[in-house]
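Encoded as structure tokens, the structure appears first; notes follow it.
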Amino acid sequence: MAGMLDTDLFLAWTEGAARAVRLHRDRLTGLDAAIGDADHGTNLDRGFTEVGKALTEWPPTSPAQVLVSAGTTLIRRVGGASGPLYGSLFRQLGKSLDTPVTLAGFAAAFESGVQAVERLGKAAQGDKTMIDALAPAARALTQAVQEGADEHKAFERAARAAEEGAKATIPLRARKGRASYLGERSIGHEDPGAASAALIMAALAEAAA
Amino acid sequence: MAGMLDTDLFLAWTEGAARAVRLHRDRLTGLDAAIGDADHGTNLDRGFTEVGKALTEWPPTSPAQVLVSAGTTLIRRVGGASGPLYGSLFRQLGKSLDTPVTLAGFAAAFESGVQAVERLGKAAQGDKTMIDALAPAARALTQAVQEGADEHKAFERAARAAEEGAKATIPLRARKGRASYLGERSIGHEDPGAASAALIMAALAEAAA
Amino acid sequence: MKKLINTAESVVEDALNGLAAAHPSLRVRDRVVYRAEGPRPGKVGLVSGGGSGHEPLHAAFVGPGMLDAACPGEIFTSPVPDQIIDATRAADGGAGVLHIVKNYTGDVLNFEMAAELCDDVPVASVLVDDDVAVQDSLYTAGRRGTGATLFVEKIAGALAEEGAPLEEVARVAREVDDHSRSFGVALTSCVTPAAGKPTFDLPEDQVELGIGIHGEPGRSRAPMAPARELAALAMEAIHGDLPLRDDLLVMVNGMGGTPLIELYVVFAEVEAFVRGKGARVVRSLVGNYVTSLDMQGFSITVCRLNGELTRLWDAPVETPGLRWGR
Amino acid sequence: MKKLINTAESVVEDALNGLAAAHPSLRVRDRVVYRAEGPRPGKVGLVSGGGSGHEPLHAAFVGPGMLDAACPGEIFTSPVPDQIIDATRAADGGAGVLHIVKNYTGDVLNFEMAAELCDDVPVASVLVDDDVAVQDSLYTAGRRGTGATLFVEKIAGALAEEGAPLEEVARVAREVDDHSRSFGVALTSCVTPAAGKPTFDLPEDQVELGIGIHGEPGRSRAPMAPARELAALAMEAIHGDLPLRDDLLVMVNGMGGTPLIELYVVFAEVEAFVRGKGARVVRSLVGNYVTSLDMQGFSITVCRLNGELTRLWDAPVETPGLRWGR
Ligand SMILES: Nc1ncnc2c1ncn2[C@@H]1O[C@H](COP(=O)(O)OP(=O)(O)O)[C@@H](O)[C@H]1O
Ligand SMILES: Nc1ncnc2c1ncn2[C@@H]1O[C@H](COP(=O)(O)OP(=O)(O)O)[C@@H](O)[C@H]1O
Ligand SMILES: [Mg+2]
Ligand SMILES: [Mg+2]
Ligand SMILES: [Mg+2]
Ligand SMILES: [Mg+2]
């Protein structure tokens, strides 16, 4: 049914995210080596691999279950800063979904997920964190819905906004997370969490394609 | 007086040995790095520098005093295997000299010094140690005396024998000292102690030149 | 880069097996390290944890006089809430539990989540943030917790052992943190098993100033210099933030790859520096205590002592990594 | 290579100043490290020494239950007789002195000379030669003394503390040496301050087998392998020489540049290997104890215990480098 987002779509999203993170693991770790502690790729790869296992072991029966389970698994298995942050994103997103899931409902839930990340990490856009990819993605999604876009288009636009947001972290000076310790030296490097957020949003667009 | 070996000659010898060891310090340490623990050049440089200081502080009045003092200083300041061994060489050499020192007397005393090293280190020629340079030097010296050579010639021949002896350690497998732990792997490298012995004998020839 | 491991994935697990096998006084289960004899009824429990790769911190500081449990995360990755919850429950002897948390976003978030989720145990939390290399905390995640973590664990552990209540143990832990400052210098980066290559490149003639303990780059670079100058540089940074006076506890800590003989060279300079400021080193530690895998370099941590802190520092401790005065 | 030193010439002196400043229990004079309180009348004195660069061995093992004095030579260079004579005189409490000498030509010669020159003190000498990597001792300087030196110093130190006479202390020291075997593996060479570059080059995919503790090359090379295989290789060499059975004391020793987490990974493998042979690890040490500056790698030392040796191992020891059971 067009406009309806079902369990399989979200399963495809988490699987796609796992594949993307695996494929880009060394690049993410490399970005983290430049301004952090060289573990972001390993962290997310471990996390999304565990998400895949959990979703196979306890097959979810609703989109909300997929996302809450993914978030819980990320919190339980990743550690570091990104574990609680991505975990909260997915959990809050899942918890905010009404059944059946409409595109507009998803966009609102996604906004709520991103806000949860902002609350937890006390970061705002421009602090050179994953927020710099997630917040523009949320806005793009909401706007696409308002403009009547279908899910393919809407997710595409969100993914593009995330990607642009990630690249836009390069000239920024980090003010949150480990990269903030570098002061001026954090300038000129892409934030690893923003980069992984862009990958995850691209996986959503691909899952709906 | 031709044929007479005086205090100045032996002072010149120790000074020349100190210069040679300083000049070749890194080469000696490099040889020791290959089959030992990379300290032979530093050890002897420290030792002969201290010899120079001791001989300046307590000016010797006889050849025997120069050599005994040099030997004692080497024992007191070098440590490692080469300290006691070179120290005993010089001490025994000094103690075995009659006054005035004739070339024949020196040759006999030098033999006795080398024997002291052999006794102490329980090494024989062919074990890939300083003995491989010192023993041939002693023999060459004695033979030169028997053949009526003057000190220039005699010391030249001793120096040449030491040099050849040192080079001849290259194909040998070490059986004494630290290099012996390498077994077959010690083959193909010049023994650092033999190399330093050749330098010291060359310094004697130069002092008499 | 060569590593003494089986696989990059199993290194924490394998090392914990080794830790358990080596120390009968410890018990290891589900990535938590406990005292084998369990919590002492009525004693406040001490729990700490953080990424692995900092050994002996924290796991080897579990034992009488120090921690009750430690939660080692993956290499340089904060532990997950499950570990912290397990550790907190097991460390509780009925008097509540103190979480000793190094101030990193990851550690803070995971410990907070854990504390929220085990609301059946009274939990107090102390943030360790001693690293003076992190300036203008308005524009950063705030000062990092580094070497002072050991001081906090030791001193709060001693007070807990005396039977003090949770708020008192938390109070002294915060006091130690308030009184402590650190600064670190790296001669080389470190190599994580997963990355297999140095986290950053450092030329032969440069040092990295103001490093943390995750192998992350520091604030700036400076030309390599003699030990005396590097020590003075670190001490000036500390002294500028917390003027050195009276009685000090000083740790010269190796980052993991620096020989002990060099740490003693640094300690001699630090001690002379302190004397030069009219203060005194009355207690000290020299060695590898809060490490960054195989990084070469050192950190200096200074704590201004008072009567109570000195008494608690001297109190008996019996852990694999720190042991005296039983 | 960067080193935390002032100058290559002053490193031993500077480090000894740091050692003295850090440990009020030690006194350092003329390159000899003593117990500050002096010899105990009637107790056999224990003196050891060797090249520097092996810290904590030997200087940090001076104290109750272990050494009375240590003579640190230059880096990797045996001490000179003067130091050993001073140490011997100062360690004598009237019951004579035991020299604990690692079997290297330099150590042997310098200790022999010293013993000869202080014939007013009854001196016994024990040669430590535990390194099974040195084979066919007819064609070598004989087996090197490596990790077992720590065992000898600890156990003989405990017996001396009990008031045993010189010949008894020497007897137990020889017994420990007889019961002990070691094998070392290097992942990298080390860099001496004087040379400033690695003593040998070791490709990224190779390890050096059967290394000693002077950064000298070993007997052979092998491809780099997982910790499990490297541990098995070392343990097979030991087992082939002294079959593992009954109760064992095992040390997994870091060469100075290896992170503790990796040593625990190795220890887990060693413990499993020992179990596989039907023997038991009943006592253990994991850490950097007998090092080669910044070398990466490990050595394993195994000692077959009996009742007496176990009791003496467990006896109190209170030194900067080893401390328990007071
Ligand atoms: N306070 C924060 N708010 C939002 N995102 C953050 C915050 N702190 C860190 N991050 C994100 O987390 C990423 C790092 O994740 P990771 O490397 O897995 O954890 P750690 O920093 O603990 O090693 C950063 O690149 C950044 O995007
Ligand atoms: N038993 C021995 N007899 C004679 N010479 C020896 C003996 N052992 C070692 N040497 C010599 O000593 C040299 C090494 O000296 P050095 O490097 O200063 O001492 P160390 O081996 O203690 O580091 C060797 O190259 C060898 O020539
Ligand atoms: Mg990271
Ligand atoms: Mg040598
Ligand atoms: Mg991390
Ligand atoms: Mg040497």
Side-chain angles (χ1 to χ4, degrees), chain B residues 25-26 28-47 49-50 72-88 91 117 119-123 126-130 172-186 189 193, chain D residues 8-9 31 49-51 53 71 73-84 104-113 117 131 133-144 189-201 210-221 292:
Chain B
R25 184 182 61 185
D26 293 349
L28 294 175
T29 291
L31 292 175
D32 199 24
I35 57 173
D37 59 353
D39 63 355
H40 189 59
T42 330
N43 284 348
L44 287 195
D45 184 27
R46 183 176 62 249
T49 305
E50 294 288 341
T72 306
T73 303
L74 291 174
I75 289 174
R76 295 189 58 186
R77 300 299 188 166
V78 174
S82 57
L85 293 167
Y86 271 126
S88 300
R91 275 175 61 85
V117 177
R119 266 195 313 275
L120 192 61
K122 302 191 185 68
D127 285 351
K128 190 167 183 140
T129 70
M130 58 174 68
L172 296 178
R173 174 180 167 162
R175 296 205 284 201
K176 289 288 169 197
R178 198 173 297 284
S180 68
Y181 307 134
L182 271 74
E184 301 284 340
R185 294 174 91 195
S186 65
H189 301 276
Chain D
E9 291 69 37
R31 297 275 172 115
C71 315
E74 289 295 323
I75 300 280
F76 292 166
T77 302
S78 332
V80 296
D82 287 8
Q83 290 171 276
I84 305 169
Y104 297 95
T105 307
D107 293 50
V108 170
L109 293 180
N110 286 285
F111 269 92
E112 272 177 10
M113 285 196 166
L117 290 169
D131 185 357
V134 180
Q135 293 152 341
D136 50 14
S137 58
L138 254 184
Y139 298 100
T140 64
R143 287 185 167 176
R144 290 175 287 222
S189 179
C190 60
V191 178
T192 65
K197 57 173 197 271
T199 299
F200 56 87
D201 290 315
I211 48 143
I213 57 173
H214 279 231
E216 69 269 42
R219 275 200 85 82
S220 61
R221 288 189 177 178
S292 295

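Hydrogens, waters and symmetry mates are skipped; everything else that's a heavy atom, side chains included, is used.
When heavy atoms are compared at a cutoff of 4.5 Å, D:Asn110 approaches chain B by way of both its backbone and its side chain. Heavy atoms closer than 4.5 Å to chain B are found in the backbone of D:Ser220, but not in its side chain. Proximity to chain D is absent for every atom of B:Ser82, based on heavy atoms less than 4.5 angstrom apart. For D:Pro217, the parts lying under 4.5 angstrom from a heavy atom of chain B are both the backbone and the side chain. For chain D, no part of B:Ala179 is nearby; none of its heavy atoms comes within less than 4.5 Å. The part of B:Ala34 that comes within reach of chain D is its backbone (N, CA, C, O), which places non-hydrogen atoms under 4.5 angstrom from that chain.
Residues D:Tyr104 and B:Tyr181 are in side-chain contact: their nearest non-hydrogen atoms beyond the backbone lie under 4.5 Å apart.
With sequence neighbours excluded, the residues that form a salt bridge (Lys or Arg N to Asp or Glu O under 4.0 Å) with B:Asp37 are B:Arg178. Take B:Arg77 and apply the salt bridge (Lys or Arg N to Asp or Glu O under 4.0 Å) test, not counting sequence neighbours, and it matches B:Glu50.
Options D:Gly215, D:Pro81, D:Ala195 differ in how many heavy-atom pairs under 4.5 Å they form with chain B, and the most are formed by D:Pro81. The candidate from D:Met113, D:Glu74, D:Glu216, D:Arg144 with the greatest count of non-hydrogen atom pairs under 4.5 Å with chain B is D:Arg144.
The number of heavy atoms from other shown groups lying within 6.0 Å of CZ (D:Arg221) is above 12.
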